[in-house]
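Chain naming here is simple, since letters A, B, ... match the order of the sequence lines and numbering starts at 1 in each. Remember, it's a predicted structure, so these values are computed and weren't measured experimentally.
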Amino acid sequence: MRSMTTSMWRKLSRPLYAVSEGPWLALFALAMQPFLAFAALMLLLAVVGGLGSYSLTSPLILLLPFICVAMIPLFGLWYGYIERGRLWVLGFDGVASGHVRLPLRPFWTWIRVRYREPATWREVLATVIGGIFGLVSAVILILETATAAALAASLVTLGLVREEIQSNYLGPLAPLAPDVAGFTPDEWWKFALLLLLALIVFGYLNGLLAAISASASKALLAPRPEEIQRQIEGLTNSRARIMESFEGERRRIERDLHDGVQQELVNLSLRLGMIELDIKGLEQQGVDAAGAREQLTLAQEQARHALQTLRNTVRGIYPAVLEDHGLRAALEELANNCILPVDLSYCATTVLPQNIERTAYYAANEGIANALKHSTASRLGITAHSAEGTLHLEISDNGQGGADPAHGSGIAGLNERAEAMGGTVVVDSPAGGPTTLRVRLPLNQDERVNTLRF
Amino acid sequence: MRIVLAEDSTLLREGLVMVLNRLGHEVVRQVADAPSLIRTVEEEAAEGEVDVVITDVRMPPTNTSDGLQAAHRIRERHPGMPVLVLSQYIAAAYARELFSEDSTGLGYLLKDRVGRIEDFARALETVAEGGTVIDPDVVKHLMGNAAADSRSSALESLTPRELEILELMAQGRANSEIERELYVSSATVAKHIGNIFDKLGLDPNAGNRRVRAVLAFLGR
């Protein structure tokens, strides 16, 4: 695969170019170009023919030339797609598309956007240039083939058949030696030498031609800086949109749980409480209700446990305290709720952007969950402080270390989240400990775009 | 007691009315959101018809801590009006929001607690009489970290027994109840409580030390 990533220019400059795969790649790429042009022509003819046969007898046929012209950008798009593959063969890999990412549907939107993009019209230009190169390539390839065939035929006649050649049988090379009348079988080596020379020259010629056409195509097809920028912004936005929708979904689930199951469970425990009062009343009347009381106590305990579990679940999904009281209160609750002692140190600007608070909270949640799950820690620490427009969050434990961040899907998700905001997540866990999860989040949202600019 | 009840879940509101009636109280008005709570208390208080207000935390219009804000508004207009807040949030921040000002006649109870009707009834009476109630689970939640957090030096200096007593005090228990709970003499309880006050640096002349000792948890 390495050879594929070396461009044709580099290959040409190597001393052993002639015996490398270079000439063959060049031949292939060069041969492809006329075929591409031919295929494009056939496609165009098919369209024209198809439309023409429908409208042959109607005045619509007058529209045909316009339709053909209108379809030119589509050919450009198609050619751009194929040509990128050809460039890859020639070692000019990684020529990205300059187009905006867009679904094919709705089709008219796609058409409108594509026809307006400079990238499309550059591809049209590349098609025209590719067509010219294709024509030149075809001529050159035919000449090369004819020469090589003539030389090879002569070589066979002289060397193997041992017959004289009566005329100047040099094929296309004949004008170079006009006064030569014929060759004897002993002169076969001349043709062997000529053939070898010709093949080497053709190899270089093809390589040069392929490289020139590839460079021209690359210059036209490669995305412009502003197009790259636009693509990055598009990706950043779509990432942010996905995060947003996740957030909305979490909020909805939390609300459903709160409004539904939680209230019902509270009501259930209320009713159990009423039964408790009833049983007490019966006992005061001298009725033996020990069995019922035992069952009731179990039921009450269960209802309580269900409520507590639900409360923990709900908090994990969408912490209301974060929305109502901010990051500090939410981290405090996290620390209070942890089964291990947590040292919390909070020193950040009072007003943090909401998405920063959320990401920081999920990071702390993830860090603590990981420490509890994987480490032998007996004490955890959370520090949060803001400095130079960045929120620094650290979740550390005094466990045995050696955690592999590539393992956890939680950390991967966190990384994704932080990156979408222009931040970073680093897990530092040397063998022997301690493990520290460091999260850095830029507070200024404009910086997000800056850090992503190339 | 005459009670104004604010709870947005119809199911739970009806359940609460049932329990309160059973306990011999009268729910004079029921509402489902914060603005109507404020308005209703205004109307009823003018006629002297309200003894206690019971409110949910999360209610319309914003579905955040509207109930707590309503409690503040009510107590601004009617200082000392007993308010018992029912909450699903164990987080200290909510309790702190409620107890940020004068804490007499205020209670913060988790909804889970309501099912233990005797606890609920006692909390309601304590609040109505001007006492302070903080849900034991919320207190425990705080205590857990108070014991772990080396930086809360004042609470750190309390002995486990003193923390235990402070916890019971936070639940609104009187000394006599604490004696029974821990099987100790009244003198011992008094001594421990004196130590707690000293260690927390509460001025004996400033009044209501008991409440302030409990609030020391929340003030952290």
- Would you find more than 12 non-hydrogen atoms of other residues, nucleotides or ligands less than 6.0 Å from A:Glu247 atom CD? yes
- Query: Under the side-chain contact (heavy atoms from CB on, under 4.5 Å) criterion, do B:Asn63 and A:Glu323 qualify, and how do the steps go?
  - Reply: CA-CA 11 Å; B:Asn63 279 311; A:Glu323 301 302 301; over 6 Å; no
- Query: Which bit of B:Thr64 comes within less than 4.5 Å of chain A, counting heavy atoms only: side chain, backbone, both or neither?
  - Reply: both
- Note on the structure: Scored by heavy-atom pairs under 4.5 Å with chain B, the best of A:Leu270, A:Leu268, A:Leu272 is A:Leu270
- Take A:Glu254 and B:Arg58 through the test salt bridge (Lys or Arg N to Asp or Glu O under 4.0 Å) and record every step on the way to the result. CA-CA 13 Å; A:Glu254 191 265 354; B:Arg58 180 160 152 176; 2.8 Å; yes
- Message: Around atom NE2 of A:His385, are there more than 12 heavy atoms from other residues, nucleotides or ligands closer than 6.0 Å?
- Response: yes
- Task: Compare all side-chain heavy atoms of A:Arg315 with those of B:Ile90 and state whether any distance is below 4.5 angstrom.
- Result: yes
- Query: What residues of residues 105-116 of chain B sit under 4.5 Å from chain A when only non-hydrogen atoms are counted?
  - Reply: B:Leu110, B:Lys111, B:Asp112, B:Arg113, B:Val114, B:Gly115, B:Arg116
- Message: To the nearest 0.5 Å, what is the distance between CD on A:Gln262 and CD on B:Gln88?
- Response: 5.5 Å
- Does B:Tyr94 reach the main-chain N or O of A:His325 with its side chain, forming a donor-acceptor pair under 3.5 Å? no
- Note on the structure: Correct closest heavy-atom pair for B:Leu11 and A:Glu264 would be CD2-CG, 3.5 Å
- Interface moiety of B:Glu14 toward chain A, non-hydrogen atoms closer than 4.5 Å: neither
- Decide if atom CD of B:Glu49 counts as having more than 12 heavy atoms of other residues, nucleotides or ligands within a radius under 6.0 Å. yes
- Message: If you count heavy atoms of other groups shown closer than 6.0 angstrom to CZ of A:Arg271, is the number above 12?
- Response: no
- Does any heavy atom of chain B fall under 4.5 Å from the side chain of A:Asn312, the backbone, both, or neither of them? neither
- Message: Quick check on A:Arg328 against chain B: is it the side chain, the backbone, both or neither that has a heavy atom closer than 4.5 Å?
- Response: neither
- Between A:Ile339, A:Asn337, A:Leu310, A:Asp259, which has the largest tally of heavy atom pairs under 4.5 Å with chain B? A:Asn337
- Relative to chain A, which segment of B:Phe120 carries a heavy atom at a distance below 4.5 Å: side chain, backbone, both, or neither? neither
- What residue in A:Gln263, A:Lys280, A:Gln308, A:His258 has the most heavy-atom pairs under 4.5 Å with chain B? A:His258
Show every donor-acceptor pair shorter than 3.5 Å between a side-chain atom in residues 431-442 of chain A and any protein atom, with sequence neighbours excluded, or say none if there are none.
from     : atom 1 : to       : atom 2 : distance (Å)
A:Thr435 : OG1    : A:Ser429 : OG     : 2.9
A:Arg438 : NE     : A:Glu394 : OE2    : 3.3
A:Arg440 : NE     : A:Thr424 : OG1    : 3.4

- Side chain proximity check, B:Val19 to A:Leu277, heavy atoms < 4.5 angstrom: no
- Message: Minimum heavy-atom separation for A:Asn267 and B:Gly15, please, with both atom names.
- Response: OD1-CA, 3.6 Å
- Task: Spell out the residues in residues 24-34 of chain B that have some non-hydrogen atom less than 4.5 Å away from a non-hydrogen atom of chain A, in order of number; otherwise answer 'none'.
- Result: none
- State which residues pass salt bridge (charged side-chain N to carboxylate O under 4.0 Å, His left out) with B:Arg73; sequence neighbours excluded, sorted by chain then number. none
- Item | Top of A:Val266, A:Asp324, A:Val314, A:Leu265 for chain B proximity - count of heavy-atom pairs under 4.5 angstrom | A:Asp324
